[in-house]
Peer 1: 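This is the structure, below, for whatever I ask next.
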Amino acid sequence: MEEEIVIASSSIDGGIGCWDLQTGTENLRYKSCASPPHGLTSVGRRFLASSQLQDAKAASGAILYWSWSRPQVEVKCFPEEPIKPLVANSEGTYLVGGGLSGNIYFWEVATGRLLKKWRAHYRAVTCLVFTDDDSLLVSGSEDGSVRVWPLLMIFDDHQMEQASQLYEHSFQEHTLRVTDIVTGYGGGNAIIISASEDRTCKVWSLSKGILLRNIVFPSIIDSITLDPGEHVFYAGGRDGKIHIGALSADSSSIKSHWLHIIGSLSSHSKTVTCLAYSTNGNVLLSGSEDGMIRVWDPKTHNMVRVFRHAKGPVSNIHVLKRPAYLNPRMLSNVQVSSRRHGLSLPPPLSKYINTMDEKVVGAVVNLQATCNNPLDASCTSSQVISSQIKELQQQGSAAAAEMEVEKLKLDSTQAMQMLQRWKKMYDNLHEFCVDELLEGDHVKSAN
């Protein structure tokens, strides 16, 4: 079992805490971070990024980068407007931010280029999440809407011109601000769950674009997370409780929305602001306005560990596999390499779109659409990883070995996908040939 770490931030300048989930020891505290809810992310496990928005009425904001080995801010980015939610895709090749205006910004991490910006909502974007296969981006807003964005559509200028709207689904059933969104497994066939200040959590089908379940809670829900088996989900309320919602119960036999709530965990004295689930350790983590991070055993509902943040409410929690940069045996080598070779983090994010960059991106996406090859994006990601490995090897970084392993895993996944693709083509061809032969025999017998 791989070791896991917990990172957590606060909405006031309390820094980013980083703990070992198994032992409870604190690794490092990254300084100068005041992150809004959903504003902290790990970029491909290579470094940390966080939006900064101390004042909700502020006219400007910032996005900051920290390397795992140093507590100080290393890169400062100043986007066009204040950014609240910030999320990276699973490989860390892209960063996506949601603005107060309702715009969504899509950056390439390696170059810092702003690839796309589009008007996603009428009011501020409150949360962003990718599906597990990175093919869809789901956004929530203060206007109560939840929208699903296929990335191929967003980057294909030809389709954008022909389509009446960019989103694949627009769910409008919430009556107040959307506070959190989580997605299940299965890419475009997954479920998503949204929480809102209207005291409901709604379960949606991505493949059908319909509402599957509506659950009303006794308190406003600010945070949600899914059980890995997708039998239940956990909802953190402003009443200090973590409510447990049922996903597997037969809704036709249940007359009341309240009966979907099958239990709760209670120990926080204030609002439960964020939740996370560790699949490896099979534990639930919760953060609160009281500055405490509690670790729960979901089977017994007992609290097994407590982390204390420096100060202020906890705004974000993430559970991650331990990066090689935080391995005590490698940390000193990484620090020496960083001092010797200088800054190794990507450049700051661009404020505006370069029109030439936009044309190049559109051309690449159109070529991929013409080829109709779903593996093109993965191949591009593999090439990006290869270039990053070479760069780290030239710098003498111990992290290159870990990235090499990640690349091998990616190559293996691509090979399996290619095998499945050829198998499907063979089955279709075989079926076509059989149909043609049977039809020929039928014609002959008729003559």
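Counting begins at 1 with the first residue of the sequence.
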Peer 1: Going through the distances and angles, do Val129 and Ile192 end up as a side chain to side chain contact (heavy atoms under 4.5 Å, CB included)?
Peer 2: CA-CA 10 Å; Val129 61; Ile192 62 173; over 6 Å; no
Peer 1: To the nearest 0.5 angstrom, please state how far the CG atom of Leu48 sits from the SG atom of Cys33.
Peer 2: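 If we round to the nearest 0.5 Å, Leu48:CG and Cys33:SG are 9.0 Å apart.
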Peer 1: Please indicate whether Lys202 has more than 12 foreign heavy atoms, meaning atoms of other residues, nucleotides or ligands, lying under 6.0 Å from its NZ.
Peer 2: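 Check passes, neighbour count above 12.
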Peer 1: Is the closest side-chain heavy-atom distance between Ile16 and Ser35 below 4.5 Å?
Peer 2: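 Ile16 vs Ser35: side chains apart.
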Peer 1: Got a second to check how far Ile353's CD1 is from Leu115's CG, nearest 0.5 Å?
Peer 2: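 Ile353 atom CD1 to Leu115 atom CG measures 8.0 Å (nearest 0.5 Å).
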Peer 1: Whether the side chain of Arg305 engages the backbone of Ile293 through a donor-acceptor N/O pair (distance < 3.5 Å, no angle test) should be reported.
Peer 2: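 No.
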Peer 1: Heavy-atom distance under 4.5 Å between the side chains of Trp107 and Pro79, does that happen here?
Peer 2: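 Yes, their side chains come closer than 4.5 Å.
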Peer 1: Pairs in or reaching into residues 29-40: which pass salt bridge (charged side-chain N to carboxylate O under 4.0 Å, His left out), with residues at least two apart or in two chains?
Peer 2: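 Listed by first then second residue: Glu26-Arg29.
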Peer 1: Does Ser42 form a side-chain hydrogen bond (donor to acceptor under 3.5 Å, both in side chains) with His318? I'd like the steps, not just the answer.
Peer 2: CA-CA 8 Å; Ser42 168; His318 293 288; over 6 Å; no
Peer 1: Under a 3.5 Å distance rule, please check whether Ser50 uses its side chain to pair with a backbone N or O of Gly39 as donor and acceptor.
Peer 2: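 Answer holds: yes.
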Peer 1: Between Ser141 (side chain) and His121 (backbone), is there a donor-acceptor pair under 3.5 Å?
Peer 2: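 No, the answer is negative, given that no donor and acceptor are paired below the 3.5 Å cut-off.
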Peer 1: Can you tell me if Ser196 uses its side chain to pair, donor with acceptor, with the backbone of Arg177 under 3.5 Å?
Peer 2: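 Checking the backbone N and O of Arg177 against the side chain of Ser196, a donor-acceptor pair under 3.5 Å is found.
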Peer 1: Answer yes or no: is there a donor N or O on one side and an acceptor on the other, between the side chain of Arg45 and the main chain of Leu320, under 3.5 Å?
Peer 2: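 No; judged by distance alone, with no hydrogens or angles, the pair does not exist.
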Peer 1: So which atom in Ala195 and which in Cys201 form the shortest heavy-atom distance, rounded to 0.1 Å?
Peer 2: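 Looks like CB-SG, 3.8 Å.
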Peer 1: What residues, two or more places apart in sequence or in another chain, satisfy salt bridge (charged side-chain N to carboxylate O under 4.0 Å, His left out) together with Arg238?
Peer 2: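 Here the qualifying residues are Glu197, Asp222.
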Peer 1: Evaluate the side-chain proximity of Pro298 to Asn282: yes if any heavy-atom separation is below 4.5 Å, no if none is.
Peer 2: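 Yes - at least one pair of side-chain heavy atoms lies under 4.5 Å apart.
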Peer 1: Give the table of side-chain donor-acceptor pairs shorter than 3.5 Å for residues 95-102, with sequence neighbours excluded, one pair per line with atom names and distance.
Peer 2:
from	atom 1	to	atom 2	distance (Å)
Ser101	OG	Glu81	OE1	3.2
Ser101	OG	Glu81	OE2	2.6
Ser101	OG	Asn103	N	3.3
Ser101	OG	Asn103	ND2	3.2

Peer 1: Are Thr200 and Glu173 side-chain neighbours, meaning at least one heavy-atom pair lies under 4.5 Å?
Peer 2: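 Side-chain contact under 4.5 Å: no.
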Peer 1: Using the salt bridge (charged side-chain N to carboxylate O under 4.0 Å, His left out) criterion, which residues pair with Glu142? Sequence neighbours excluded.
Peer 2: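 Counting only residues at least two positions away or on another chain, Glu142 forms a salt bridge (charged side-chain N to carboxylate O under 4.0 Å, His left out) with Lys84, Arg123.
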Peer 1: Looking only at heavy atoms, which two atoms of Gly187 and Leu206 are closest? And how far apart?
Peer 2: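 It is O-CD1, 3.5 Å.
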Peer 1: Quick check: closest heavy atoms across Ile12 and Gly312, and the distance to 0.1 Å?
Peer 2: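 Of all heavy-atom pairs spanning Ile12 and Gly312, the closest is CD1-CA, 3.5 Å.
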Peer 1: Any donor-acceptor pair under 3.5 Å linking the side chain of Thr25 with the backbone of Asp20?
Peer 2: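 Flag not set: sc Thr25 to bb Asp20 has no pair under 3.5 Å.
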Peer 1: Parallel, tilted or perpendicular: which one describes the rings of Phe171 and Trp204, with boundaries at 30° and 60°?
Peer 2: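 Rings of Phe171 and Trp204: parallel, as their planes differ by under 30°.
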Peer 1: State, to 0.1 Å, how close Ala34 and Ser11 come at their nearest heavy-atom pair, and which atoms those are.
Peer 2: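 Closest pair (atom of Ala34, atom of Ser11, distance): CB-O, 3.7 Å.
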Peer 1: Below 30° counts as parallel, above 60° as perpendicular, anything between as tilted: where do the rings of Phe47 and Tyr65 land?
Peer 2: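 Taking Tyr65 first and then Phe47, their aromatic rings sit tilted (interplane angle of 30° to 60°).
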Peer 1: Take Ser350 and Arg113 through the side-chain hydrogen bond (donor to acceptor under 3.5 Å, both in side chains) test and state the conclusion after the steps.
Peer 2: CA-CA 5 Å; Ser350 299; Arg113 292 184 304 166; over 6 Å; no
Peer 1: Tell me every residue that passes salt bridge (charged side-chain N to carboxylate O under 4.0 Å, His left out) with Asp133, counting only those two or more places apart in sequence or in another chain.
Peer 2: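 Counting only residues at least two positions away or on another chain, Asp133 forms no salt bridge (charged side-chain N to carboxylate O under 4.0 Å, His left out).
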Peer 1: Could you tell me whether the side chain of Glu230 and the main chain of Tyr185 form a donor-acceptor pair under 3.5 Å?
Peer 2: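 Yes.
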Peer 1: Would you say Cys127 and Val178 make side-chain contact, with heavy atoms under 4.5 Å?
Peer 2: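 Counting from C-beta outward, Cys127 and Val178 do come under 4.5 Å.
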Peer 1: Determine whether a donor-acceptor pair (N or O, by modelled atom type, separation under 3.5 Å) exists between the side chain of Asp198 and the backbone of His174.
Peer 2: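 Flag not set: sc Asp198 to bb His174 has no pair under 3.5 Å.
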Peer 1: Working to the nearest 0.5 angstrom, can you tell me the gap between Ser145 OG and His169 NE2?
Peer 2: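 Output value for this atom pair is 14.5 Å.
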Peer 1: How many angstroms lie between atom CG of Leu265 and atom NZ of Lys241, to the nearest 0.5 angstrom?
Peer 2: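 The CG atom of Leu265 sits 11.0 Å away from the NZ atom of Lys241.
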Peer 1: Among pairs that include at least one residue of residues 162-172, which meet salt bridge (charged side-chain N to carboxylate O under 4.0 Å, His left out), considering only residues two or more places apart or in two chains?
Peer 2: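 Applying salt bridge (charged side-chain N to carboxylate O under 4.0 Å, His left out) to every pair that reaches into residues 162-172, excluding sequence neighbours, yields nothing.
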Peer 1: Taking ring pair (Phe, Tyr, Trp, His ring centres under 6.0 Å) as the test, write out the residues that go with Tyr234, two or more places apart.
Peer 2: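 In terms of ring pair (Phe, Tyr, Trp, His ring centres under 6.0 Å), with neighbours along the sequence ignored, Tyr234 is linked to no residue.
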Peer 1: In Å and rounded to the nearest 0.5 Å, what is the CD1 to CG distance from Ile317 to Leu40?
Peer 2: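 Going from the CD1 atom of Ile317 to the CG atom of Leu40 covers 10.5 Å.
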Peer 1: With sequence neighbours excluded, give me every ring pair (Phe, Tyr, Trp, His ring centres under 6.0 Å) pair touching residues 132-152.
Peer 2: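 Applying ring pair (Phe, Tyr, Trp, His ring centres under 6.0 Å) to every pair that reaches into residues 132-152, excluding sequence neighbours, yields Trp118-Trp149, Trp149-Tyr167.
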Peer 1: Keeping Asp143 on the side-chain end and Tyr122 on the backbone end, is there a donor-acceptor pair under 3.5 Å?
Peer 2: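 A pair under 3.5 Å: yes.
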Peer 1: Might you confirm whether atom CZ of Arg119 has over 12 heavy atoms from other residues, nucleotides or ligands at distances under 6.0 Å?
Peer 2: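 Enclosed: over 12 neighbouring heavy atoms sit under 6.0 Å from CZ of Arg119.
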Peer 1: Looking only at heavy atoms, what is the nearest atom pair of Ile83 and Pro85, with distance?
Peer 2: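 For Ile83 versus Pro85, the nearest heavy atoms are CG2-O, 3.4 Å.
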Peer 1: At their closest point, which heavy atom of Asp227 faces which heavy atom of Tyr277, and how far apart are they?
Peer 2: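 Minimum heavy-atom contact is OD1-OH, 4.0 Å.
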Peer 1: Tell me which pairs pass salt bridge (charged side-chain N to carboxylate O under 4.0 Å, His left out) where either residue lies in residues 265-279, with sequence neighbours left out.
Peer 2: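 Salt bridge (charged side-chain N to carboxylate O under 4.0 Å, His left out) check on residues 265-279 returns no pairs.
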Peer 1: Do Ile154 and Leu137 have side chains that get closer than 4.5 Å, going by heavy atoms?
Peer 2: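 Ile154 does not reach Leu137 side chain to side chain.
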Peer 1: Has the side chain of Thr41 got a donor or acceptor atom that lies under 3.5 Å from a matching backbone atom of Ala49?
Peer 2: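 No.
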Peer 1: Which pairs count as salt bridge (charged side-chain N to carboxylate O under 4.0 Å, His left out) when at least one residue sits in residues 284-293, sequence neighbours excluded?
Peer 2: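 Salt bridge (charged side-chain N to carboxylate O under 4.0 Å, His left out) check on residues 284-293 returns Asp290-Arg294.
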Peer 1: Measuring from atom OG of Ser207 to atom CD1 of Ile191, what distance do you get when rounded to the nearest 0.5 angstrom?
Peer 2: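 Ser207 OG to Ile191 CD1: 11.0 Å, rounded to 0.5 Å.
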Peer 1: Does anything in residues 293-316 pair up under ring pair (Phe, Tyr, Trp, His ring centres under 6.0 Å), and if so which pairs, sequence neighbours excluded?
Peer 2: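 Listed by first then second residue: Trp19-Phe307.
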Peer 1: Residues in salt bridge (charged side-chain N to carboxylate O under 4.0 Å, His left out) with Lys117, at least two apart?
Peer 2: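 If we apply the salt bridge (charged side-chain N to carboxylate O under 4.0 Å, His left out) test to Lys117, skipping adjacent residues, the hits are Glu80.
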